[in-house]
Asks: 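Can you read through this structure? Questions will come right after.
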Amino acid sequence: MPQWYIHRRFAMTTCIPAGSGRLHCRVRDIKGQGCRRTSWISNVTFSGCIRKDLPWSHGVSKFLQIQRCNFSQSPITENSKTLRTITSSSLRDGSTKFFDFAVIGSGVAGLRYALEVAKHGSVAVITKAEPHESNTNYAQGGVSAVLSQSDSVESHMQDTIVAGAYLCDEETVRVVCTEGPERIRELIAMGASFDHGEDGNLHLAREGGHSHRRIVHAADMTGREIERALLKAALKDPNIFMFEHHLAIDLLTCQDGSDTVCLGVDTLNTETQEVIRFISKVTLLASGGAGQIYPTTTNPPVATGDGIAMAHRAQAVISNMEFVQFHPTALADEGLPIQPSKARENAFLITEAVRGDGAILYNLDMERFMPLYDERAELAPRDVVARGIDDQLKKRNEKYVLLDISHKPREKILSHFPNIAAECLKYALDITCQPIPVVPAAHYMCGGVRAGLQGETNVQGLYVAGEVACTGLHGANRLASNSLLEALVFARRAVQPSIKHMKCSSLDFSASDWWARPVVPVSLESNAIEKILSMTREVRKEVQSIMWKYVGIVRSTTRLETAKQKICDLEDKWEDYLFQMGWEPTMVGLETCEMRNFFCCAKLVVSSALARHESRGLHYTIDFPDLEESKRLPTVIFPCASVRSSWSSRQLQKLPLSSTGSLRTVYVDVYSAKYALISQIPLQKIKVTSIFYEHVYPGFNHARLSRVPSMHEHNRKPFSLFVH
């Protein structure tokens, strides 16, 4: 399991003792490359990291020193052609495409951003499945915004901060709550249709945690309506090119001095099995969350944490991954009168708005229980309701509870929740006269790629918006209907800095050749591929089971440590099996890439959870059941080279090849293997089976195994060699 470098910045971060728990930092100049590469040693404080008064946005923009416009190092050059002039010709090249902007994800954040930046350049929208298949499309409740005279920005802020267990960044909360109403008006102007009341004004619903009615909605299909309007506009825009069924593999990054720069992304066309490289001046990561790392989730099958994992491998800062929101009320198929004929790929969500409209939670004896846990009862924030349900299920040894709204007028139920009513009726359940069986399910990642107030990250040219981002808005728990709002606000705020970055950047036309290309496993026999896929599917289910059993709604240190070890062992087992079957480190496939991202995100969640020695918001641990004011700090993870790495934790294509430098050869003693000939190794790690060696010397970035003669010839067998 990778070790991460994490430091404590007293006003805003908490230190995770992942791996050794040591603070380490060292920067060494690499001769012949003209850039600085980072390694890590122990017991050295990170320069300038101890500050007590930095807000969240300052911490990203200033502390991480981003948003530079002038890049001094190749592969960005001042005299090369701009992307705008070569986009049309590049579209005829099957393997490489050049764009001003690359947008990874086609949900509300990605599409809203694309529509704005398309006014200034060419845009590639890269989506894993069909363009409409995103978390946005499954969002039922609505978008929260202050749109009535009885409401106020201050009230919305207070509700957000209380729900977030006082871990929210106040400046971010104010920005989002203030700009929200204008983002709603923009959607309406673009053709989004929301419900209106009898007075002709927008109908505003109320959900758990909100003190006022402020939820704009389109019945119980709000996300679908927003997605429809945005997608319609995007498909009409001549500057937006949609690439569906393209799985993002890894971000393309290089070093500019001590900074990491993003220049695009490698993708796999899952229909044609071609690797397509996108070179771009600016990249927006809007790929959604990682709900699929749990066995029961409201997220669609595409939500496998790809964006968070790619960003982590690209050296982006990750934050607050311990805060996984479990929606209290997903439809419990086991309680339906007629069972579905096959298991769902994702749980059917019963929106928060049902409780907001007066629904009551009962156990199977029809005893109301939420007042026992919180004075706000069913209108308490999601973390409180989910824990209440979880406690009832465990105490009573039951598999679901009941959500009853049948006491409300039939016409009102059917007009407000037509989608839910229709879905339940498929299985002979009439919600106008029968309670709905519900159970908690993984729903939303409050953590993600750490972003500033303009969606910027510590990686130059990389912006984030939507669920993949951690902006500081949600704190330790997301307030209902704040997710679509955050996506809209930050997608819009990322536009101007992205345009500025694009205009002062230009790319060398040969950029596509600076990274080794991932390859599809055409050299493997079909039998080997079938075995690998079978193993991968089995491992995927095991990871999901581990996450649910040990890293669920209620946690403990012992269970988290068990999860950490089990995931680590399972990752070793899976990777060893792949390479024994002939899989190469640069090979890619849909399910193997998703599995890499599963492991990466699962380890980030577990490590973050182990670091928080208190119970706050969505993170509840029986070993530290109380909320500690001294620990009211976001968790921040800085990735670094580690003593033990894995295939899942490093970029497949590695860093771009340098145009200068000298060739080096080194010999490594590996137990019974006398010599391993490794050429062109930079300041990186080498993995030979489970043994790692650190080499610090100048050279190129590509490692090549020549031969490993064994002292015991009968024990000789192929083994994997990675550079990390």
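Worth saying up front: this structure is predicted, and the values here are computed from it rather than measured.
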Asks: For the pair Thr592 (side chain) and Val588 (backbone), establish whether a donor and an acceptor sit closer than 3.5 Å, ignoring hydrogens and angles.
Replies: no
Asks: How about Thr283 and Tyr463: do any of their side-chain heavy atoms sit closer than 4.5 Å?
Replies: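 Sidechains of Tyr463 and Thr283: no contact.
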Asks: Of Phe579, Tyr577, Phe599, which is the lone residue that meets ring-ring contact (aromatic ring centres under 6.0 Å, His included) with Trp647?
Replies: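 Among the candidates, only Phe579 passes.
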Asks: Taking atom types as modelled, is there a side-chain donor on Thr586 or Glu584 under 3.5 Å from an acceptor on the other?
Replies: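 Their side chains do not contain a donor-acceptor pair, so the 3.5 Å distance test is not met.
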Asks: Are a donor atom and an acceptor atom from the side chains of His443 and Thr298 found within less than 3.5 Å of each other?
Replies: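 Distance-only check passes for His443 and Thr298.
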Asks: List for me each residue that meets side-chain contact (heavy atoms from CB on, under 4.5 Å) alongside Leu590, sequence neighbours excluded, and say none if there are none.
Replies: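 Residues passing side-chain contact (heavy atoms from CB on, under 4.5 Å) with Leu590: Lys128, Leu247, Thr270, Glu594.
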Asks: Hey, is Glu571 close enough to Lys603 for a salt bridge, meaning N to O under 4.0 Å?
Replies: yes
Asks: Taking Asp100's backbone N and O only, do any of them form a donor-acceptor pair with Ser122's side chain (distance below 3.5 Å, no angle check)?
Replies: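 Looks like yes, one N/O pair under 3.5 Å.
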Asks: Salt bridge or not for Glu227 and Arg224, using N-O below 4.0 Å?
Replies: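 No, no charged N to carboxylate O under 4.0 Å.
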Asks: Any heavy-atom pair between the side chains of Ile308 and Leu285 that's under 4.5 Å?
Replies: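 With C-beta onward as the side chain, the pair stays apart.
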Asks: For a quick check under 3.5 Å, do Ser319 and Arg450 share a side-chain donor-acceptor pair by atom type?
Replies: yes
Asks: When you measure from the side chain of Tyr294 to the backbone N and O of Val551, does any donor-acceptor pair fall under 3.5 Å?
Replies: yes
Asks: I'd like to know if the side chain of Arg540 reaches the main chain of Phe598, judged simply by a donor and an acceptor atom lying under 3.5 Å from each other, with no hydrogens or angles considered.
Replies: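 Flag not set: sc Arg540 to bb Phe598 has no pair under 3.5 Å.
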Asks: Donor-acceptor check, side chain of Trp515 to backbone of Thr253, threshold 3.5 angstrom: yes or no?
Replies: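 Judged by distance alone, yes, a pair lies under 3.5 Å.
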Asks: Do Asp306 and Asn597 have side-chain atoms, one donor and one acceptor, less than 3.5 Å apart?
Replies: yes
Asks: Keeping Asp333 on the side-chain end and Lys342 on the backbone end, is there a donor-acceptor pair under 3.5 Å?
Replies: no
Asks: Decide whether Thr127 and Glu244 meet the rule of one side-chain donor and one side-chain acceptor closer than 3.5 Å.
Replies: no
Asks: Can the ring centres of Phe241 and Phe278 be said to be less than 6.0 Å apart?
Replies: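 Between Phe241 and Phe278, the centre distance exceeds or equals 6.0 Å.
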Asks: Any side-chain donor paired with an acceptor under 3.5 Å for Trp574 and Thr536?
Replies: yes
Asks: Would you say the side-chain atoms of Arg493 and Thr471 include a donor-acceptor pair closer than 3.5 Å?
Replies: no
Asks: With sequence neighbours excluded, tell me which residues meet side chain to side chain donor-acceptor pair (under 3.5 Å) with Glu116.
Replies: Arg112, Lys119
Asks: Would Arg313 and Asp250 satisfy salt bridge (Lys or Arg N to Asp or Glu O under 4.0 Å), going step by step from the backbone distance to the final call?
Replies: CA-CA 8 Å; Arg313 291 193 292 263; Asp250 263 320; 2.9 Å; yes
Asks: Looking at Thr267 and Ile276, would you say the former's side chain and the latter's main chain have a donor-acceptor pair under 3.5 Å?
Replies: yes
Asks: With distance as the sole test, does Glu271 use its side chain to make a donor-acceptor pair with the main-chain N or O of Asn269 at under 3.5 Å?
Replies: no
Asks: So, Glu467 side chain and Ser483 main chain: donor-acceptor pair closer than 3.5 Å or not?
Replies: no
Asks: Would you check if there is a donor-acceptor pair between the side chains of Thr260 and Gln255 at a distance under 3.5 Å?
Replies: yes
Asks: Are Val495 and His120 side-chain neighbours, meaning at least one heavy-atom pair lies under 4.5 Å?
Replies: no
Asks: Near Glu525 CD, under 6.0 Å, is it more than 12 heavy atoms from other residues, nucleotides or ligands?
Replies: no
Asks: Test your reading of the model: is there a side-chain donor-acceptor pair from Gln292 to the backbone of Pro300, 3.5 Å cut-off?
Replies: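 Answer holds: yes.
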